[in-house]
Amino acid sequence: MESVQEHYQSMRAAIETFTPNVSMELVDEAFRYAEEKHKDQRRKDGSPYIIHPLAVAEIVAEMGLDSDAILASLLHDTIEDTDTSYDEVAKRFGVTVANLVEGVTKLTRVNFTSLEDEQMENLRKMFLAMSKDIRVILIKIADRLHNTRTMQYQTPAKQKSKSLETMEIYAPLAHRLGMQKIKWELEDTSLRYLDPIGYEDISRQLDEKEAEFDHAMVSIRERIEQRLRDSGIKFQMYGRVKHIYSIYRKMYSQNKTLDEVYDLYAYRIIVDDIADCYNVLGHIHDLYNLVPGRFKDYISTPKPNGYQSLHTTVIGSEGIPFEVQIRTAKMHHTAEYGIAAHWKYKEGISTAGGEEEFEWVRRLLENQQDSEAEDFISSLKIDMFDDEVFVFTPRGKVISLPSGSTPIDFAYAIHSEVGNHMVGAKINGRIVGYDSVLQNGDIVEIVTSKSAKGPSRDWLNLCKSNQARIKIRQWYKKERREENVATGKQSFEEELRRIGVQPSMLNREDLQPTLLKKLAYGSMDDMYAAIGYGGLTAVKAVNKIKDELLRYTKSAREPEQNHADITNINRAPKKSTSGIIVEDIANCVIKFARCCTPVPGDDIVGFITKGFGVSIHRRDCPNAAGAASPDNSGRWVKVTWASAPLETFSTSFELDCTDRDGMALDVAMVVTSMKLRCSELAARADGQGNCTVYLTVEVRDVTELNTIRTRLANIRGVRTVRRGRS
């Protein structure tokens, strides 16, 4: 175990190498202060807690950040974990440092109703601080990076939950900030705990092929280096194998073997200036055959996160495809460290967050103001995901959107008023439908009218970006309250009936105040309106008050039940088997039909099979309808669900999706985050851009099933979610 002194010396070396202008006197003072405050605290491995702030400060120094950021890194846990106050930090180290420390401090002293609410509010607080000073998120990412490096000391449950959070929030954030080197490490380390078998399988295969890889890569490298030396170009060249998570996404989402993964090899060529970038590109294309459609010029059209490079994929002499990335030294540092690279190159970046490149942070905050916790967290991944399409306005401005976006997404990316008044769209001068999928390089023009009636609810299903969905919902919230109330009330009452509660119960004066308190709305109409415009789902609203309603229903029915027991005391009792009550049949074998996988809450029917007991079908199952012939009429029996079945029930889903990298992993992450028992997860692509994902999980009832279905339907690229399959 490394000592505090070893970590201190390592931090000093990083500061001297990457940020030599930092005052070591101030650093030493912050270190001594933090060490004193954390003196009685230990990490999970038993080491002194101060080692963690030292490691975070070292990472921040390697990014090339300034003195305030390094001081804040050393102090970043003092307000949260010790008796230190904001005022004390501000007095000793300055207001800027105190603001940075406060920005990465969690809301630990607030009582939350759920873990999702706590996570949402902590993220909102962090993003608000980040919009004022971008260094907040850089320190937070450094903090998370060191925690992932020491994850082996956490419990298995903590490893999975923190790794999932890292994969869904911090890795996409690192990508959005252009910090590719850190993003890759966060992804690879998280994958090790989320799917250890898959991670080890790829690692083993890479180790087995190491000699083969090395031979092929050295041969290609030597040929390119010789050509560039003969041409008199100054350069540096690096070869690498694709990182493990990137390989994992391709193998498991597209059912490929390691040998079938495209561009497994990659080379980086670093040159002095932009002219040499294009010069090297010409030599590469002269030496090797270009793979059509695989050339990307991010120098002339940089990514929104500032990334610049030339990418080309070519076929080697041995038939092996490989990628070549060509960039200048400055572009390379930006690609590695993203926005943090601005400090190294002394571009005088303002920390006030006023730059256009940080506008997305404020837009993210604005878009999420009315979101539920679960929606806020899941949408972060969509808003920051790395699959992007770049399109142009008629004036040549580049707009970045999620892959699969439509003109609706483009309109709302320009301005909410453009989207609200849209009456048509053109792509490359041609009139197109609202569902047209945008491609890289498209020139998009939105046709607007002052007399437009506003967005259609159907647009919510056509758009891909969370930004567009939020703005459409905001319009409906403001402009169509009466319609929202009516729509929301209908959905809410349907969900109540599904769990066996009559909507008339909501009118009870002794019950309504309790329900409104649990729902956190001032009136039922406010809650109905939220459901109507999409800010809340009926399933989620009912789940919040389900226990209260069922408890009240049960207490109200007890007098009636006692009377019924006396009246029917001489009648034959109904028997419950496997959570099913079969009328007039005792102790029969129950079998749940695999064709429709019914669960508690579904409307069901029973069919007496020949030798296999009673088969339970959903009433809308095609097979059940086919069995209802005159010859079989005597074999139908009335069945109902037991009042409180204890066991779980297996049910299946079919997802029709767009074929893309990471689809199966995103489905698996939903299963993991909902703590579901999964017995099957498989995907099949048709080779034409579509795929079907099959999923079998254990659920308690139809309410939980509908929640799962909603979560699955919100995954990017999922078009429809169907129950069961034959």
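Treat the numbers as computed from the prediction; the structure is a model and nothing was measured.
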Novice: Less than 4.5 Å apart, side chain to side chain, heavy atoms only: is that true for Ser300 and Tyr278?
Specialist: yes

Novice: Would you check if the side chain of Ser10 reaches a backbone N or O of Glu6 as a donor-acceptor pair within less than 3.5 Å?
Specialist: no

Novice: Where is the tightest heavy-atom contact between Arg240 and Gln325, given as atom of each residue plus distance?
Specialist: NH2-NE2, 3.7 Å

Novice: Just by distance, do the side chain of Glu323 and the backbone of His311 share a donor-acceptor pair under 3.5 Å?
Specialist: no

Novice: Tell me the closest heavy-atom pair linking Lys242 and Ile247, and the distance in Å.
Specialist: O-CD1, 3.3 Å

Novice: Quick one, Val22 with Asp66, criterion side-chain contact (heavy atoms from CB on, under 4.5 Å). Give me CA distance, side-chain angles, the key distance, then yes/no.
Specialist: CA-CA 7 Å; Val22 170; Asp66 57 10; 5.9 Å; no

Novice: For a 4.5 angstrom cut-off between non-hydrogen side-chain atoms, does Glu58 reach His146?
Specialist: no

Novice: Can you name the nearest heavy-atom pair linking Ala468 to Asp409, along with the distance?
Specialist: CB-OD1, 3.8 Å

Novice: Starting from the C-alpha separation in whole Å, work towards a yes-or-no answer on side-chain hydrogen bond (donor to acceptor under 3.5 Å, both in side chains) for Tyr86 and Asn99.
Specialist: CA-CA 8 Å; Tyr86 169 91; Asn99 286 338; 2.7 Å; yes

Novice: Test of understanding: with ring pair (Phe, Tyr, Trp, His ring centres under 6.0 Å), list the residues that count as partners of Tyr267, not counting sequence neighbours.
Specialist: Phe322

Novice: Short question: side chain of Ser161, backbone of Lys158 - any donor-acceptor pair under 3.5 Å?
Specialist: yes

Novice: What's the shortest heavy-atom distance between Tyr193 and Ser163, and which atoms?
Specialist: CB-OG, 3.5 Å

Novice: So, do Met11 and Leu74 sit near enough that their side-chain heavy atoms are less than 4.5 Å apart?
Specialist: yes

Novice: I would like to know whether Tyr238 and Arg268 meet side-chain hydrogen bond (donor to acceptor under 3.5 Å, both in side chains); could you show each step before the answer?
Specialist: CA-CA 5 Å; Tyr238 310 95; Arg268 288 203 190 101; over 6 Å; no

Novice: Apply side-chain contact (heavy atoms from CB on, under 4.5 Å) to residues Gln236 and His332 and explain how you reach the verdict.
Specialist: CA-CA 11 Å; Gln236 292 177 291; His332 179 63; over 6 Å; no

Novice: Would you check if Ile244 and Leu206 make a side-chain contact, meaning some heavy-atom pair closer than 4.5 Å?
Specialist: yes

Novice: Would you confirm whether Lys37, through its side chain, and Thr78, through its main-chain N or O, come within 3.5 Å as a donor-acceptor pair?
Specialist: no

Novice: Which heavy atom in Ser309 sits nearest to a heavy atom in Tyr307, and how many Å separate them?
Specialist: CB-OH, 3.4 Å

Novice: Look up atom CG in Leu100 and atom CZ in Arg135, then write down how far apart they are to the nearest 0.5 Å.
Specialist: 5.0 Å

Novice: Taking the side chain as C-beta and beyond, is there a heavy-atom pair between Tyr8 and Asp28 under 4.5 Å?
Specialist: yes

Novice: Would you sort out whether Arg144 and Thr166 count as a side-chain contact (heavy atoms from CB on, under 4.5 Å), showing the intermediate values?
Specialist: CA-CA 8 Å; Arg144 179 52 60 104; Thr166 299; 2.9 Å; yes

Novice: In plain terms, say whether Arg149 and Glu185 are close enough for a salt bridge, that is, a side-chain N and a carboxylate O under 4.0 Å apart.
Specialist: yes

Novice: If you measure from CE on Met331 to CD1 on Ile270, what distance do you get to the nearest 0.5 Å?
Specialist: 10.0 Å

Novice: With a 4.0 Å cut-off, would you call Asp207 and Arg204 a salt bridge?
Specialist: no

Novice: Kindly say whether Asp81 contributes a backbone atom to a donor-acceptor pair with the side chain of Gln41 at under 3.5 angstrom?
Specialist: yes

Novice: Taking the side chain as C-beta and beyond, is there a heavy-atom pair between Leu194 and Met669 under 4.5 Å?
Specialist: yes

Novice: Using side-chain hydrogen bond (donor to acceptor under 3.5 Å, both in side chains), reason through Glu25 and Ser23 one step at a time and then give a plain yes or no.
Specialist: CA-CA 5 Å; Glu25 288 78 9; Ser23 167; 3.1 Å; yes

Novice: So do the side chains of Arg660 and Arg716 get within less than 4.5 Å of each other, counting heavy atoms only?
Specialist: yes

Novice: Take Val27 and Met24, measure what side-chain contact (heavy atoms from CB on, under 4.5 Å) needs, and give me the verdict at the end.
Specialist: CA-CA 5 Å; Val27 171; Met24 287 309 302; 3.9 Å; yes

Novice: Using only atom types and a distance under 3.5 Å, with no angle test, would you say the side chain of His76 pairs donor to acceptor with the backbone of Ser73?
Specialist: yes

Novice: Counting only N and O atoms by type, is there a donor-acceptor contact under 3.5 Å from the side chain of Thr328 to the main-chain atoms of Asp272?
Specialist: no

Novice: How many angstroms lie between atom CD of Glu88 and atom CG of Leu75, to the nearest 0.5 angstrom?
Specialist: 10.5 Å

Novice: Can you tell me if Asp45 uses its side chain to pair, donor with acceptor, with the backbone of Tyr153 under 3.5 Å?
Specialist: no

Novice: Rounded to the nearest 0.5 Å, how far does CD of Gln152 lie from OG1 of Thr189?
Specialist: 10.0 Å

Novice: Looking at every non-hydrogen atom in both residues, tell me the closest pair between Gln154 and Gln159 and how far apart they are.
Specialist: O-NE2, 3.2 Å

Novice: Ring-plane angle category for Tyr248 and Tyr245, please: parallel below 30°, perpendicular beyond 60°, tilted otherwise.
Specialist: parallel

Novice: Report the distance from atom CD of Gln308 to atom OG1 of Thr301, rounding to the nearest 0.5 Å.
Specialist: 9.5 Å

Novice: Indicate yes or no: at least one non-hydrogen side-chain atom of Leu186 is less than 4.5 angstrom from one of Leu145.
Specialist: yes

Novice: I'd like to know if the side chain of Thr17 and the backbone of Ala13 have a donor-acceptor N/O pair within less than 3.5 Å.
Specialist: yes

Novice: With rounding to the nearest 0.5 Å, note down the distance linking CD in Glu62 to CZ in Phe18.
Specialist: 5.5 Å

Novice: Taking Ala335's backbone N and O only, do any of them form a donor-acceptor pair with Gln180's side chain (distance below 3.5 Å, no angle check)?
Specialist: no

Novice: Considering only NZ, NE, NH1 and NH2 on the basic side and carboxylate oxygens on the acidic side, decide whether Glu36 and Lys39 come within less than 4.0 Å.
Specialist: yes

Novice: Between Asp276 and Lys234, does at least one N-O distance fall below 4.0 Å, as a salt bridge requires?
Specialist: no

